[in-house]
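Working notes, beginning with the structure itself.
All values derive from a computational prediction rather than experimental measurement. Throughout, protein chains are lettered first and strands after them, A, B, ... in sequence-line order, and every chain is numbered starting at 1.
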Protein chains: 2
Amino acid sequence: MTPTIFIVDDDSSVRKSLERLLRASGYQTQAFASAEDFLACRPCLNPKDPSCLVLDVRMPGISGISLQQELANAGVILPIVFITGHGNIPMSVQAMKNGAVDFLPKPFAEEELLNAVEQALAKAARLQKEAAEKAEIRRRVKTLTPREYEVFRWVITGMLNKEIAAELKVTEKTIKVHRARVMQKMKAASLADLVRLAEKIGITPENPGSNPGSSVG
Amino acid sequence: MTPTIFIVDDDSSVRKSLERLLRASGYQTQAFASAEDFLACRPCLNPKDPSCLVLDVRMPGISGISLQQELANAGVILPIVFITGHGNIPMSVQAMKNGAVDFLPKPFAEEELLNAVEQALAKAARLQKEAAEKAEIRRRVKTLTPREYEVFRWVITGMLNKEIAAELKVTEKTIKVHRARVMQKMKAASLADLVRLAEKIGITPENPGSNPGSSVG
DNA sequence: CTGGATATTGGACCAAGGTCCAATTTACAA
DNA sequence: TTGTAAATTGGACCTTGGTCCAATATCCAG
């Protein structure tokens, strides 16, 4: 329910100050003294509710920028608001290129931080929703047998059953059976639905996607 | 064929220097002393080939940041590489938020600028391609009569002709006729195609899009 | 007011998709 | 070796979509 704002800063006075501010604004907070400490907090990396990270750029050990990279590579959904006392332009540009929501040099107005956090949480909510949708679709795709997946890819091209049958060198009847199972397993109420599901996970007539067969017995 | 790099900087020595560098790298260039001068160049705002803009942040009159906003509002596809002698972090962050490709404080290495320009051109090519596709689809949608557009929106929901007919309080036969015309006018070879076309311009079962009827005679 | 575009509908017909039923073969795992 | 999952196919049947043909009513602009 209540969004959690993670704080990573090596300066304890800054941590305290940030926690005070954010809690006063109704957020739940969790502070860490280093990127290493934060990374050690497994549940933090996969928050159930939309969350974000207020991150100091310059810290001993793993820097804020490096942490940003690692989180991105790990697919962690945690929009970042950078804060810094000794930043420079290239640093801020790099952070923004990597998807940071904002980059605030100290001193900043409380209002600025709160606005940035709000944007970050909105972004988190959006990304989490999209990720959840895609995960659900991929979960369904994984239930398809290799052959069903193959037929699935052909069906969304718009080809007729008889054409697909010729392509796969089987009878049209066989395609009908596979096709019906695809619709069931993908929970698609119509071909239009099936096409949209495929689009959402990036499976187009041009892009076949990955074959799930390897994990199916 | 040859990409054009537009340069906007009030310092003539900087303009000359940039033109020399970019031309030596095989680009065509066109320099302007102010944002106003650049905006006056109509063809520059709608370049046929992928192009980009190397833009000074601080200038008399319209600033670089303001120009970026104006171009964005006007829907101009011109990725921007900012250069600046007296920039600061908030300025760079704002520029990046608004979609700048890079933000280079002077002095910068020639290599840095060239890399940024290359990225900007790649982005321009991508955006232009997408924009062209969408424009073509919208052009086709505009050829639909109001009723055809309405049927189009229902068809991509996956509903049966008889269901759509009940919804619009007409006979199934009527829907068939409209539907056939929609497929023709949209140049869709299959329902799957039609659904993808609709998706590309953001018309989903939830989002009806804008009715083209007002502009059709 | 008249012609063209739009919207509507009918009939006939064929092709295509979907859905029951049931069956065989193959491959891999317990 | 036996059993389960997967792949394949057949038949019958109905629904749906697509495509010819043609016709009527409405509305708006020249």
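- Nearest heavy atoms, B/Ile156 versus B/Ala198: CD1-CB, 3.6 Å.
- For B/Lys185, the side-chain hydrogen bond (donor to acceptor under 3.5 Å, both in side chains) test picks out B/Glu148, with sequence neighbours left out.
- Sorted by first and then second residue, the ring pair (Phe, Tyr, Trp, His ring centres under 6.0 Å) pairs involving residues 155-178 of chain B (not counting sequence neighbours) form an empty list.
- Atom CG in A/Leu191 sits roughly 16 Å away from atom P in D/dT16 (whole-Å rounding).
- Rounded to an integer number of Å, the gap from A/Tyr149 OH to D/dA6 P is 17 Å.
- A pairwise comparison of heavy atoms in B/Pro50 and B/Pro3 identifies O-CB, 3.4 Å as the closest pair.
- Among residues two or more places apart in sequence or in another chain, the side-chain hydrogen bond (donor to acceptor under 3.5 Å, both in side chains) test is passed with B/Gln94 by B/Asn98.
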Strictly under 3.5 Å: I want the nitrogen or oxygen pairs between protein and nucleotides 25-30 of chain C, one per line.
none

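- Listed by residue number, the members of residues 170-188 of chain B with any heavy atom below 4.0 angstrom from DNA chain C are B/Val170, B/Thr171, B/Lys173, B/Thr174, B/Val177, B/His178.
- Within a 6.0 Å sphere centred on CD of B/Glu118, heavy atoms belonging to other residues, nucleotides or ligands number 12 at most.
- Shown here are the side-chain hydrogen bond (donor to acceptor under 3.5 Å, both in side chains) partners of A/Thr157, two or more places apart in sequence or in another chain: there are none.
- Across all non-hydrogen atoms, the minimal contact from A/Ser92 to B/Val93 is CB-CG2, 4.1 Å.
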Would you tabulate the pairs of protein nitrogen or oxygen atoms and nucleotide nitrogen or oxygen atoms of nucleotides 28-30 of chain D closer than 3.5 angstrom?
none

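- Other residues, nucleotides and ligands contribute at most 12 non-hydrogen atoms within 6.0 Å of the CZ atom of B/Arg58.
- The side-chain hydrogen bond (donor to acceptor under 3.5 Å, both in side chains) check on B/Lys97 picks up A/Asp102, with sequence neighbours excluded.
- For residues 51-70 of chain B, no pair satisfies ring pair (Phe, Tyr, Trp, His ring centres under 6.0 Å), with sequence neighbours left out.
- Across residues 154-167 of chain A, not one residue has a non-hydrogen atom less than 4.0 Å from an atom of DNA chain D.
- A donor atom on one side chain and an acceptor atom on the other are found under 3.5 Å apart for A/Thr29 and A/Glu19.
- Nearest heavy-atom pair across A/Ala189 and A/Met183 is C-CE, 4.2 Å.
- Under the 4.5 Å side-chain criterion, counting only non-hydrogen atoms from C-beta, A/Arg147 is in contact with A/Val170.
- Across the protein-nucleic acid pair, A/Leu194 atom CG and C/dG17 atom P stand 14 Å apart, rounded to whole Å.
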For a quick test of your reading: what N or O donor-acceptor pairs under 3.5 Å do the side chains of residues 35-45 of chain A make, sequence neighbours left out?
from: A/Glu36; atom 1: OE2; to: A/Ile62; atom 2: N; distance (Å): 3.1

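- Comparing the axis of the opening five pairs of the helix from C/dC1-D/dG30 to C/dA30-D/dT1 with that of the closing five pairs yields an angle of 40°, rounded to 10°.
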